[in-house]
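I have placed the structure first, in the form of structure tokens, so that the comments after it can refer back to it.
All chains are named by letter (A, B, ...) in the order of the sequence lines, taking the proteins before the strands, and each is independently numbered beginning at 1.
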Amino acid sequence: MSRPDLNPAQHSAVMTLSGPLLVLAGAGTGKTRVITYRIAELIRRGIVQDRILAVTFTNKAAKEMKERAQHLLGKRQRGVQPPEISTFHALCVRILRRHADRLGYPKEFAIYDRSDQETLARGALRDIRVSADKLRPGDLLHLISGWKSQGIRPAGAEAIAQGDREQLAAAAYARYQTQLRACGSMDFDDLLLSTEELFDKHPEARFAEATRFDHLLIDEYQDTNGPQYRIVKSLADRHRNLCVVGDDDQSIYGWRGADVSHILNFQKDWPDAKVVRLEDNYRSKAPILEAANTLIAHNSSRHQKILRPFRDGGLPPRMLRMENETLEAEGVIAEIRQRMDGVDESLKWRPSDVAILFRTNEQPRAFELELRRAQIPYVLVGGMSFYDRKEVRDVLAYLRVIANPADEVSLLRVINTPARGIGAGTIEVLMQVAVVEGKPLWEILPQASANGDIPHTAGDRVDAFRALIEQFRSKLGSGSLFEFAQEMLKTVNYRAELDRVYKTPGDIEARLNSIAEFLNSIALYEQRTEGATLQGFLEEAALAGREDQKDDDKRERHAVTLMTLHSAKGLEFPHVYLVGMEEGLMPHQRSIVDGKSIDEERRLAYVGVTRAQDTLTLTFCKERMKWGKPRAQIPSRFLMEMRGETERAKKAAEAAVLMFRSLDGGPADGRPAAATPAKKAASKPGAARSTKKPVRRA
DNA sequence: CCCTGCGCTTTTTTT
DNA sequence: AAGCGCAGGG
């Protein structure tokens with residue numbers, strides 16, 4: 001079975017080198033191949049590689065694309081660098097830095113991740129005296145991000161906010177944004193939004209950026225949000241050589257502001273756009289693809305397309321019913337073990353051939369346990385990442401404060417870590433002074449001991465802390481960053497914090513190890529970067545986020561992959577296990593209750609199914625633990641839809657709606673959960689029709 | 001100020 | 001099951 005180098009459709013997409021081009025590429029149709037060949041072809045035709053910009057959604061995709069392009073180019077000419085390939089966010093950071101003076105932003109800014117944002121959101125809600133039962137930090141962040149992805153600022157949000165909840169959120173948004181700026185920081189949405197603002201207010205900056213490139217390629221175009229869409233337009237309308245690649249059936253980031261209409265309406269924006277459809281699937285064996293096609297056909301409003309299998313043979317997806325999540329993991333892992341140990345050498349599975357895909361981050365627990373027990377190497381992608389660990393965040397916070405003491409979130413994190421006698425009372429007083437004087441907390445610290453509001457002893461401690469940070473600030477920029485960080489940790493005596501929090505020597509050692517690993521990443525950064533700075537390192541760490549760690553490549557080659565469906569997009573594996581195919585999980589309870597985004601959940605399932613090359617196994621449990629209690633599960637409607645049993649799928653959907661809407665997350669035995677009486681009373685009468693949480697009057 | 005233990009709530013996906 | 005906030009004793 002030989003595969004053509006490029007089929008006619010792919011060839012046409014590669015060769016259409018000027019003007020707008022929409023490549024509608026189904027799963028497994030070789031879209032990466034098209035992009036890289038296109039880049040190579042442009043360079044072959046004499047386009048200087050610096051004039052080509054390719055944008056991806058993840059660092060991993062960017063890295064991979066760079067490697068592939070490099071490989072293709074290497075065959076033709078030696079020493080040719082690949083063109084600029086970058087994520088949206090990294091691109092925006094560079095643009096903002098180049099034009100920082102225009103917008104009056106500092107050139108150096110910290111990038112706040114999800115956990116920093118949560119701290120900020122919590123603080124904003126406290127400042128405007130909103131308790132968690134009215135609006136939780138997570139919900140606030142979701143609303144803020146929604147506004148930001150539509151380009152709406154706090155003033156605008158206050159104007160359009162509907163109802164109490166949104167009004168409160170809009171007020172908190174204003175507060176959040178002020179604090180964020182005061183810290184000299186940006187969140188991920190800000191990077192995009194500020195770039196958009198820069199282009200709006202400063203046409204000359206927009207012109208300068210647009211003139212840097214003659215060709216623009218955007219991968220995963222179905223996942224662009226408002227600001228990204230507008231930035232693409234700004235950058236492309238001069239040369240019009242815009243190639244976007246995507247698949248509306250794989251749009252799974254709607255909750256993050258991605259808007260499928262961008263890809264659906266591409267031809268309206270660019271009337272002379274050429275459209276190429278890639279419908280030959282080279283990845284999955286026919287019966288798997290058939291299941292995928294049948295499943296996705298249940299979605300309305302999509303570009304009609306059918307994927308044709310190139311590979312024949314193979315078996316239909318298996319659907320296995322398990323007793324509970326422990327036995328699910330046991331069953332799956334036992335099978336993998338067995339396949340790995342097979343007698344027939346040619347049929348043996350390697351660990352890296354296998355992926356276990358799931359919907360939520362709590363699901364992998366059971367599988368990790370079993371994999372360890374079976375002594376099968378594995379990598380858990382995403383989940384609790386390196387940068388989410390407490391000790392790493394603490395060290396990071398110290399470095400951030402040293403880089404920029406105005407960073408209040410980080411300052412508050414380390415001011416009493418390890419405990420140095422600056423307690424909640426002292427901090428509260430200092431914060432109040434800061435608010436009254438309208439200055440950052442850091443600038444208040446020198447007056448602390450003089451201020452009569454806090455005890456003398458506390459004042460001395462604050463002085464000592466400030467001197468400590470100042471001492472390291474003055475050392476910055478001379479000598480190795482790695483040694484700098486190492487010395488800082490020693491001086492600060494971070495070890496004391498570990499001893500306080502962790503009881504067993506094993507725990508302490510594990511934490512020390514992750515700190516060592518972190519320090520190592522500083523050393524690696526220094527090695528590969530000319531003119532390494534602390535700021536530069538912090539920025540890289542923020543943008544790399546939960547993505548790859550340097551030695552993952554090596555590990556991945558011998559390990560079973562565990563990951564969420566969202567992280568699996570763009571990847572493929574010979575053997576895929578799609579686990580937890582139950583109502584409430586897949587589709588998720590949330591989308592069942594508000595009935596809105598079932599289509600997106602279906603696309604998610606579709607993404608999962610189309611990751612499989614040779615075999616696909618779907619599993620579901622009869623019962624699953626939740627909050628310490630076992631709970632009856634209904635098999636996912638998607639299982640039935642995949643087999644064309646539409647009526648049975650509808651029944652499952654109805655049952656799920658009943659279960660999740662009326663029982664407030666009811667238990668296994670069918671009796672209503674003993675929920676808090678107040679909540680019960682409120683949710684029962686209105687539950688049938690309400691799409692939003694009923695707003696209760698006080 | 002710091003630690004411990006109890007009780008209450010939690011329900012998705014991530015650049 | 002686990003993480004958070006709060007009360008109470010050193």
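Spacing between atom OH of A:Y229 and atom C1' of B:dT15 amounts to 21 Å, rounded to whole angstrom units. Nucleotide B:dT12 holds its P atom 12 Å from the NE2 atom of A:H566, rounded to whole Å. One atom, NE2 of A:H588, and another, P of B:dT13, lie 7 Å apart when rounded to the nearest Å. Remark: C1' of B:dT14 and CG of A:N59 are 12 Å apart, rounded to the nearest angstrom. As rounded to whole Å, 11 Å separates atom C1' of B:dT15 from atom NZ of A:K569. In this structure, A:D223 places its CG atom 17 Å from P of B:dT13, rounding to the nearest Å. In this entry the distance linking CG of A:L543 with P of B:dT15 reads 11 Å, nearest Å. Across the protein-nucleic acid pair, A:L141 atom CG and B:dT14 atom C1' stand 13 Å apart, rounded to whole Å.
Between A:S567 and the phosphate of B:dT14, there is a side-chain N or O to OP1/OP2 separation shorter than 4.0 Å. Residue A:T564 has a polar side-chain atom (N or O) positioned under 4.0 Å from OP1 or OP2 of B:dT14.
Nearest nucleotide to the side chain of A:R122, out of B:dT13, C:dG5, B:dT15: C:dG5. Proximity note for A:T360 (side chain, C-beta onward) versus B:dT12, B:dT10, B:dT15: the nearest is B:dT12. Closest to the A:R136 side chain, of the nucleotides B:dT14, B:dT10, B:dT15, is B:dT10.
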Would you list the protein and nucleotides 2-7 of chain B atom pairs, both N or O, that sit under 3.5 Å from each other?
residue: B:dC2; atom: OP1; partner: A:G421; partner atom: N; Å: 3.0
residue: B:dC2; atom: OP2; partner: A:N416; partner atom: ND2; Å: 3.4
residue: B:dC3; atom: OP2; partner: A:R500; partner atom: NH1; Å: 3.2

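The P atoms of C:dC4 and B:dT13 are separated by 16 Å, rounded to the nearest whole Å.
Within the nucleic acid shown, A:G584 has no heavy atom closer than 4.0 Å to any nucleic acid atom.
The aromatic rings of A:Y173 and A:W147 lie parallel to each other, their planes meeting at an angle below 30°, with 60° marking the opposite boundary. Using bins of under 30°, 30° to 60° and over 60° for the plane-to-plane angle, the ring pair A:Y221/A:H262 lands in the tilted bin.
DNA chain B is contacted by both A:T426 and A:S597; A:T426 maps to the nucleotide lying nearer its 5′ end (nearest heavy atom per residue).
The aromatic ring centroids of A:H566 and A:W255 lie less than 6.0 Å from each other. Not less than 6.0 angstrom separates the ring centroid of A:H298 from the ring centroid of A:F638.
A salt bridge links A:E84 with A:R94: the distance from a Lys NZ or Arg NE/NH1/NH2 to an Asp or Glu carboxylate oxygen falls below 4.0 Å.
Residue ring and base: A:Y253 does not count as stacked with B:dT13 (centre distance below 5.5 Å and interplanar angle below 30° not both satisfied).
Side-chain atoms of A:R461 come within 3.5 Å of backbone N or O of A:G421 as a donor-acceptor pair.
Within the 4.5 Å cutoff, the side chain of A:P137 has heavy atoms near those of the A:L125 side chain.
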